[in-house]
4 protein chains.
Amino acid sequence: MSRAATAAATREKVLAAARELFITSSYDDVKAADIARAAGVAHGLVFHHFGSKQGLYREVLCAIGREVLDLHVSDPAVPLGKRIRQSHRAHLTYLLAHRDLALNLVLRPWGAEEPFDRVRDDGNRKLCENLGLDFERPAVRAVLRMYTTAADQLARDHLLDAHPFDVDQVVEMLMTVLAGALRAARVADPSLEVDRVLDELARP
Amino acid sequence: MSRAATAAATREKVLAAARELFITSSYDDVKAADIARAAGVAHGLVFHHFGSKQGLYREVLCAIGREVLDLHVSDPAVPLGKRIRQSHRAHLTYLLAHRDLALNLVLRPWGAEEPFDRVRDDGNRKLCENLGLDFERPAVRAVLRMYTTAADQLARDHLLDAHPFDVDQVVEMLMTVLAGALRAARVADPSLEVDRVLDELARP
Amino acid sequence: MSRAATAAATREKVLAAARELFITSSYDDVKAADIARAAGVAHGLVFHHFGSKQGLYREVLCAIGREVLDLHVSDPAVPLGKRIRQSHRAHLTYLLAHRDLALNLVLRPWGAEEPFDRVRDDGNRKLCENLGLDFERPAVRAVLRMYTTAADQLARDHLLDAHPFDVDQVVEMLMTVLAGALRAARVADPSLEVDRVLDELARP
Amino acid sequence: MSRAATAAATREKVLAAARELFITSSYDDVKAADIARAAGVAHGLVFHHFGSKQGLYREVLCAIGREVLDLHVSDPAVPLGKRIRQSHRAHLTYLLAHRDLALNLVLRPWGAEEPFDRVRDDGNRKLCENLGLDFERPAVRAVLRMYTTAADQLARDHLLDAHPFDVDQVVEMLMTVLAGALRAARVADPSLEVDRVLDELARP
DNA sequence: CATGAATGAGATTTCATTCAT
DNA sequence: CATGAATGAAATCTCATTCAT
């Protein structure tokens with residue numbers, strides 16, 4: 001193993017330890033010393049590789065964001081309604097399988113973490129592509145941001161057992177809310193064509 | 001002025017100073033000492049009256065929550081569509097008039113602050129009464145929580161000039177999203193009757 | 001004992017402990033924690049009273065500076081030559097009696113410690129008054145600063161046993177160097193009248 | 001280029017970078033990593049070549065000390081008064097041309113830096129040779145140390161514009177103070193013959 | 001010779017909270 | 001009620017130095 005590879009491995013070790021801890025405890029409750037200890041490295045190494053605790057946190061967040069993004073189905077061969085439903089189900093399943101991670105890191109509001117916002121916007125952009133809409137149009141962007149936030153809220157309540165619905169029901173609720181959001185986009189920007197999308201979304 | 005009145009006045013002074021500070025700075029950035037200094041009282045008084053910094057914060061939050069709640073129109077004489085629209089407009093106008101307060105204290109996600117959640121639930125309950133729906137039904141509760149979160153997101157973007165829509169457009173977008181949320185409630189709970197409400201909401 | 005008096009007493013305790021430590025160890029080697037422990041108070045109290053370790057250090061330095069200043073004899077009834085000699089002897093005796101204090105805190109160069117410089121200037125001003133010269137004249141100021149530095153150097157060497165001269169010899173050497181410095185002032189500023197002073201200084 | 005030559009060149013690169021940094025920042029503010037970066041070499045190399053940060057600092061200091069020493073004129077053909085004046089002028093000119101270097105590295109008190117003290121003693125020894133005096137005699141050594149310190153003080157004030165005198169005036173002031181110092185040596189050690197030297201110094 | 005990853009001891013300062021007066 | 005002195009735990013980040021490659 002080369003020097004560089006060893007270093008990279010150490011970096012990963014720290015990253016993994018940090019992820020583990022940030023999932024189970026809040027940012028403030030996780031101490032840099034804890035991370036170093038969990039990773040089995042010297043205290044200072046955390047800062048050598050990531051500059052600051054914040055920097056390390058950001059990296060963890062981004063890594064998770066990318067993982068979540070990759071869950072989405074974008075195969076154009078699959079009909080739109082099915083595609084979106086599959087994506088949603090995959091997303092929800094992932095969150096259920098990683099409950100703490102979801103509650104503590106993923107399902108946080110817009111604006112709470114700068115770098116994560118970008119990941120979220122990437123998610124919306126992907127959704128937009130699937131829907132055949134232009135994310136650069138303010139109305140589209142605005143309602144998708146609303147929708148994502150609302151979906152996170154429903155997912156959060158789901159994880160907290162705040163309501164009794166199963167995954168399939170949740171997915172259908174999301175589809176309906178998404179439809180409402182798209183109609184809201186047309187309200188703000190009448191030139192927007194959403195009927196066809198609404199049609200396709202309606203078909204499971 | 002009686003002993004008790006003086007005490008109450010002091011309490012208010014601290015509360016006002018705290019509110020001012022929590023509006024402009026984050027919770028962690030506001031120090032108990034800052035509040036005491038701003039209020040012109042002894043450091044220890046903050047704890048004398050409010051037990052802890054958290055306790056004081058909660059009081060500030062609740063006071064604001066109550067103010068916001070009181071903005072809502074519940075006059076049954078006003079047609080439903082108009083009533084909800086007026087409430088929304090009043091709410092948005094208030095947030096615009098208190099930008100920092102809105103961004104830093106009001107428009108935070110569910111779960112961020114325990115006591116504020118209750119206020120928010122109260123708001124949803126009020127909305128429910130207006131809509132003639134039963135907040136205790138899980139489907140209703142779930143979609144209203146989604147809706148509120150989504151509405152906050154749109155308001156936040158509005159305050160941050162992230163989109164170009166005016167207050168009237170925002171209100172109409174919200175109405176449309178609310179309609180979508182109600183349909184989503186029916187999806188989860190088919191026994192739910194929402195057609196009449198949807199009808200009334202459609203009429204401005 | 002009143003509240004304020006207790007507080008002042010505590011402050012003094014910290015100050016005394018700090019002085020003790022700064023005399024025997026270098027600034028960097030003295031830890032804030034050491035001072036608190038030595039004073040028998042909580043760690044945080046140091047900062048409550050002095051703001052920072054630097055602030056505390058400055059106070060210690062100033063207190064010592066004032067003590068040293070008070071050693072000087074300014075009784076006009078005493079002939080000038082005798083007066084200066086007595087002051088020098090008192091100064092040297094003090095430094096010898098407080099060897100570490102002298103070497104570590106007093107005999108440091110101009111510019112090493114901002115607040116101490118002011119004290120030193122005060123000392124020179126006092127010397128000036130004794131000599132009947134105007135400290136505001138650049139030539140006077142410049143040579144007195146030279147002289148003070150040189151005197152500190154000789155004192156330092158004396159404390160370090162770098163030369164075999166006794167206090168009386170050292171005092172006479174200083175008188176001679178002071179005479180040289182005054183002549184140097186006249187070189188820079190020929191309008192300066194120093195002959196009478198030189199005359200008086202020559203008489204013990 | 002041979003292996004050894006490359007190594008020497010690298011060493012020089014580090015030395016030059018260190019000098020640059022120590023001139024503009026204080027010892028504590030210069031980090032070993034800064035030096036390595038500025039020199040464009042690996043962090044560890046600093047220690048490879050110089051053992052420690054202190055060691056590197058010492059080398060920088062000595063190099064500068066030697067440069068300053070070489071400024072002094074010792075040509076016996078030049079009359080003493082002229083020789084000393086030329087040396088002083090050269091010294092001052094050098095300090096003026098390297099202001100930060102002078103203030104931060106050269107014009108520091110005796111005892112501040114072990115290795116530099118030796119250089120300073122070398123300087124005094126040289127001066128002694130010029131003056132035809134024996135540096136090993138305590139009185140001579142003592143007053144020359146005083147004189148050097150005083151001269152540094154005047155130079156420091158000069159660099160800081162603390163007085164309005166030009167280089168020629170400063171040189172003459174120094175000559176006068178030097179004369180005073182020599183007389184002080186005779187005070188401490190009456191067997192010392194300084195009249196001839198004083199005579200020669202008086203003639204420019 | 002050169003590299004830079006790894007070490008790990010360490011210190012200042014902050015601040016919520018308490019409590020004697 | 002009001003005061004503000006006193007407490008003391010705690011945590012981030014720094015940095016000289018080492019050493020395996």
Side-chain angles (χ1 to χ4, degrees), chain A residues 1-11 14 28-36 40-55, chain B residues 3-4 6-11 14 28 30-37 41-56, chain C residues 1-11 14 28-36 41-54, chain D residues 3-4 6-11 14 28 30-37 41-56:
Chain A
M1 218 189 224
S2 75
R3 283 282 298 292
T6 314
T10 308
R11 221 190 106 101
V14 176
D28 281 331
D29 285 345
V30 175
K31 312 305 175 195
D34 299 338
I35 298 173
V41 300
H43 190 172
L45 208 65
V46 174
F47 301 90
H48 183 49
H49 281 303
F50 301 95
S52 69
K53 189 180 154 189
Q54 268 296 331
Chain B
R3 238 345 239 283
T6 314
T10 306
R11 218 190 108 100
V14 175
D28 281 333
V30 175
K31 315 301 177 193
D34 297 339
I35 298 172
R37 199 178 320 117
V41 301
H43 189 173
L45 215 63
V46 173
F47 299 89
H48 186 29
H49 281 302
F50 301 94
S52 71
K53 188 181 153 189
Q54 267 297 333
L56 175 50
Chain C
M1 215 190 224
S2 75
R3 281 283 296 294
T6 314
T10 308
R11 222 191 104 101
V14 175
D28 282 331
D29 285 346
V30 175
K31 312 304 174 194
D34 298 339
I35 298 172
V41 301
H43 191 171
L45 208 64
V46 174
F47 300 88
H48 183 47
H49 281 303
F50 301 95
S52 69
K53 191 181 153 189
Q54 267 297 333
Chain D
R3 233 355 233 284
T6 314
T10 307
R11 220 190 107 99
V14 175
D28 280 333
V30 175
K31 315 300 176 194
D34 297 339
I35 299 172
R37 201 178 318 117
V41 302
H43 189 173
L45 214 62
V46 173
F47 301 88
H48 187 27
H49 281 301
F50 301 94
S52 69
K53 188 181 154 188
Q54 268 297 333
L56 174 50

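Throughout, a chain's letter reflects where its sequence line sits, starting with A, and its residues are numbered from 1. All values below come from the heavy atoms of this structure, side chains included, with hydrogens, waters and symmetry mates left out.
Proximity note for A/Phe47 (side chain, C-beta onward) versus E/dT17, F/dC13, F/dA16: the nearest is F/dC13.
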- prompt: How would DNA chain E look in dot-bracket form, 5' to 3', counting Watson-Crick and G-U wobble pairs with both distances under 3.5 Å and writing | for bases paired to another strand?
  reply: .||||||||||||||||||||

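Protein atom CD1 of A/Ile35 is 12 Å distant from nucleotide atom C1' of F/dT12, rounded to whole Å. Nucleotide E/dT17 holds its P atom 14 Å from the CZ atom of B/Phe50, rounded to whole Å. One can place NZ of A/Lys31 at 22 Å from P of E/dG10, the figure rounded to the nearest angstrom. Distance C/Asp29 CG to E/dG10 C1': 13 Å, rounded to the nearest Å. Between the P atom of E/dG8 and the CG atom of A/Asp34 lies a distance of 17 Å, rounded to the nearest Å. If you measure from atom CG of D/Asp28 to atom C1' of E/dA11, you get 14 Å, rounded to the nearest angstrom.
Looking at A/His48 and A/Leu45, their side chains come closer than 4.5 Å, going by heavy atoms from C-beta outward. Side chains of B/Phe50 and B/Gln54 form no contact here, defined as non-hydrogen atoms less than 4.5 Å apart.
Looking at every heavy atom in both residues, A/Val30 comes nearest to A/Lys53 through O-NZ, 2.7 Å. Residues A/Asp34 and A/Asp29 share a closest heavy-atom pair of OD2-O, 3.9 Å. Between B/Val46 and B/Ala36, the closest heavy-atom pair is CG2-CB, 4.1 Å. Nearest heavy-atom pair, D/Ala32 versus D/Phe47, reported as atom, atom and distance to 0.1 Å: CB-CZ, 3.8 Å.
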Identify each atom pair where a protein N or O and an N or O of nucleotides 4-7 of chain F are less than 3.5 Å apart, giving names and distance.
from	atom 1	to	atom 2	distance (Å)
F/dG4	N7	B/Gly44	N	3.1
F/dG4	N3	C/Arg3	NH2	3.3
F/dA5	OP2	C/His48	NE2	3.3
F/dA6	OP1	C/Thr10	OG1	2.6
F/dA6	OP2	C/His49	NE2	2.5
F/dT7	OP2	C/Ala42	N	2.8

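In this structure, OG1 on B/Thr6 lies 14.5 Å from CZ on B/Arg11, to the nearest 0.5 angstrom.
The nearest heavy atom of DNA chain F to A/Gly51 and to D/Gly51 marks one nucleotide each, and the one closer to the 5' end goes with A/Gly51.
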